[in-house]
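Reviewing the structure listed below.
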Amino acid sequence: FNKEAKRIADLDMPQAVVTKLVNNVLCGNSIEEDAKLAVIRSTTQFISHLTSSANKIAKNKNHKNIQPDDVFKAIEECEFDEFLPKLKDELNAYVEIKRAAKAKQNEEENVTGGPPSSSIVTDLPSDSGVKVEIIQNGDHVTNL
């Protein structure tokens with residue numbers, strides 16, 4: 001934060017994100033503006049408190065970054081243990097999705113010899129004697 005004073009509203013979660021989450025939970029029911037504001041403010045407060053606790057845990061371990069285990073420990077210390085199983089399941093699902101995406105990217109690079117969307121363009125004179133082969137997604141398209 002810079003030196004100018006901040007209002008609590010400047011730290012609030014984005015209203016569109018919270019509204020989307022609330023609407024998904026309410027299954028089509030609506031929420032009044034005052035109730036929406038209360039959810040936004042309480043969400044902001046919860047995340048700020050949890051982040052502060054996780055940061056203290058990370059600093060005690062001499063870490064510069066907050067790790068998932070720091071957040072889990074902070075949740076335990078804040079007595080929100082009932083969130084841990086679902087949170088750990090969601091983290092595992094996220095890690096698995098990222099791992100699968102990385103494996104797919106590596107597989108595509110191994111098949112094509114480079115990133116899937118890579119291409120090389122050069123201006124060569126027609127009489128240069130250089131043969132150019134165009135490959136798209138592993139398929140030979142043309143020889144020039």
Approximate separation, where rounding is to 0.5 Å, of Leu21 CG and Ile40 CD1: 10.5 Å
Distance (rounded to the nearest 0.5 Å) between His49 NE2 and Thr44 OG1: 14.5 Å
Neighbour count above 12 (heavy atom, 6.0 Å) for Glu82 CD: yes
Expected output: side-chain Asn23 to main-chain Lys20 donor-acceptor under 3.5 Å: no
Taking every non-hydrogen atom, the tightest pair across Cys78 and Ser53: SG-OG, 3.8 Å
Intermediate values then yes/no, side-chain contact (heavy atoms from CB on, under 4.5 Å), Ile57 and Gln67: CA-CA 10 Å; Ile57 292 167; Gln67 301 294 319; over 6 Å; no
Worked verdict on Lys73 versus Glu76 for side-chain contact (heavy atoms from CB on, under 4.5 Å): CA-CA 5 Å; Lys73 182 69 175 166; Glu76 287 176 11; 4.0 Å; yes
Neighbour count >12 (heavy atoms, 6.0 Å) for atom CZ, Phe46: yes
Ion pair Lys36/Glu33, N-O distance below 4.0 Å: yes
Ser52 side-chain N/O to Ser48 backbone N/O, donor-acceptor pair under 3.5 Å: no
Gap separating the CD1 atom of Ile75 from the CG atom of Asp81, nearest 0.5 angstrom: 9.0 Å
Atom NZ of Lys61 with >12 non-hydrogen neighbours under 6.0 angstrom: yes
Intermediate values then yes/no, salt bridge (Lys or Arg N to Asp or Glu O under 4.0 Å), Glu107 and Lys104: CA-CA 5 Å; Glu107 181 180 304; Lys104 183 178 178 182; over 6 Å; no
Same apolar cluster: Val17 and Ile31, side chain cutoff 4.5 Å: no
Under 3.5 Å: donor-acceptor pair, side chain of Asp70, backbone of Ile66: no
4.5 Å side-chain heavy-atom contact, Leu91 and Phe72: yes
